[in-house]
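Worksheet: one structure, shown below.
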Amino acid sequence: NFLSKGFNDISSIFFSNLSKRCIACGKYEEGIDFAQKACDIYKSSNDSAHYSARLTDLEKIYRRTHKTEELYKVLKKKETVLSNILGNYEISKENFKTLHKDFPDKDKFKIQMAMTKSDIGDLLLKKHQAEAIKYYKESVDYYKQAGKEKQANFIQYRVNHPDRIRIWDY
């Protein structure tokens, strides 16, 4: 009802909270619906940071339900959103609507991008090893840019030893 009356900000908060509650209670199908509605609202209002966060909610659901195709699609969307945030940081900051949180610094988004790229690499590793390694290398670069050498070294191991890694069967 809020949404139909034009209260997008309240609706997005409402759907976000419902999605999180559904995830916590194991009601994943309902969580998908609410997270998707929140995603749609944040996307239409150009609030990329919150859109990325709601994509993370969908990512959690798809991981827990082993829906790897849907997980891959969400990770690719998240990659695009994070690329937009990093490429247009000041604009993304202006479009960030919140009552109590500061907009994260660029390094936080670089870390999110690094994790997203390594997750995509994990999904691709078994059937598309060369492409997976490309994603791992990009992940290493983002971790290094954010000053996270330990994490970069961990992912670099995947680059150097892809035959020893079996994470997903996508």
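Counting begins at 1 with the first residue of the sequence.
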Once salt bridge (charged side-chain N to carboxylate O under 4.0 Å, His left out) is applied, what residue pairs with a partner in residues 85-105 remain, sequence neighbours excluded? none
Counterpart residues, ring pair (Phe, Tyr, Trp, His ring centres under 6.0 Å), relative to Y42 (two or more places apart): H50
Distance in Å, D107 CG paired with L86 CG, rounded so as to fall on 0.5 Å steps: 9.5 Å
List the residues meeting side-chain hydrogen bond (donor to acceptor under 3.5 Å, both in side chains) with T116, not counting sequence neighbours, and say none if there are none. none
Quick one: do Q129 and D163 satisfy side-chain contact (heavy atoms from CB on, under 4.5 Å)? Show the steps, please. CA-CA 9 Å; Q129 190 177 67; D163 295 329; 3.0 Å; yes
Nearest 0.5 Å please: distance from the CD1 atom of I23 over to the CD1 atom of I61. 4.0 Å
Can you list everything that forms a side-chain hydrogen bond (donor to acceptor under 3.5 Å, both in side chains) with Q36? Sequence neighbours excluded, please. D40
Using salt bridge (Lys or Arg N to Asp or Glu O under 4.0 Å) as the criterion, list what pairs up with K76, not counting sequence neighbours. E79
Not counting sequence neighbours, which residues clear side-chain hydrogen bond (donor to acceptor under 3.5 Å, both in side chains) with Y51? List them please. none
When the side chains of residues 142-153 are checked against the rest of the protein, which donor-acceptor pairs come out under 3.5 Å, sequence neighbours left out?
from, atom 1, to, atom 2, distance (Å)
N153, ND2, E149, O, 3.3

Please list all pairs meeting salt bridge (charged side-chain N to carboxylate O under 4.0 Å, His left out) that have one or both residues in residues 47-57, counting only residues at least two apart or in different chains. R54-D57
Going from CD1 on I111 to NZ on K106, what distance comes out if it is rounded to the nearest 0.5 angstrom? 14.0 Å
Check step by step if salt bridge (charged side-chain N to carboxylate O under 4.0 Å, His left out) holds for K78 and D119. CA-CA 11 Å; K78 191 172 172 183; D119 288 345; over 6 Å; no
As a quick check of understanding, evaluate salt bridge (charged side-chain N to carboxylate O under 4.0 Å, His left out) for K73 and E69, giving each step before the final call. CA-CA 6 Å; K73 290 174 189 174; E69 287 186 38; 5.2 Å; no
F103: which residues meet the ring pair (Phe, Tyr, Trp, His ring centres under 6.0 Å) condition with it, sequence neighbours left out? Y89, F96, F109
Checking S139 side chain against Y135 main chain: does a donor-acceptor pair fall under 3.5 Å? no
Does any non-hydrogen side-chain atom of E70 lie less than 4.5 Å from one of V74? no
Hits for side-chain hydrogen bond (donor to acceptor under 3.5 Å, both in side chains) against N95, two or more places apart or cross-chain, chain-then-number order -> none
Taking only residues at least two apart or on different chains, which pairs with a member in residues 13-34 satisfy side chain to side chain donor-acceptor pair (under 3.5 Å)? E29-K67
Same apolar cluster: I91 and L82, side chain cutoff 4.5 Å: no
What distance separates Y62 OH from T68 OG1, expressed to the nearest 0.5 Å? 12.0 Å
Atom CG in D141, atom OH in Y136: separation rounded to 0.5 Å? 15.0 Å
Residue pair I85 / Q112, side-chain heavy-atom distance below 4.5 Å: no
Test side-chain contact (heavy atoms from CB on, under 4.5 Å) applied to Y157 - qualifying residues, sequence neighbours left out: H161, R164, I165
In this structure, SG of C39 is separated from CD1 of I32 (nearest 0.5 Å) by 11.5 Å
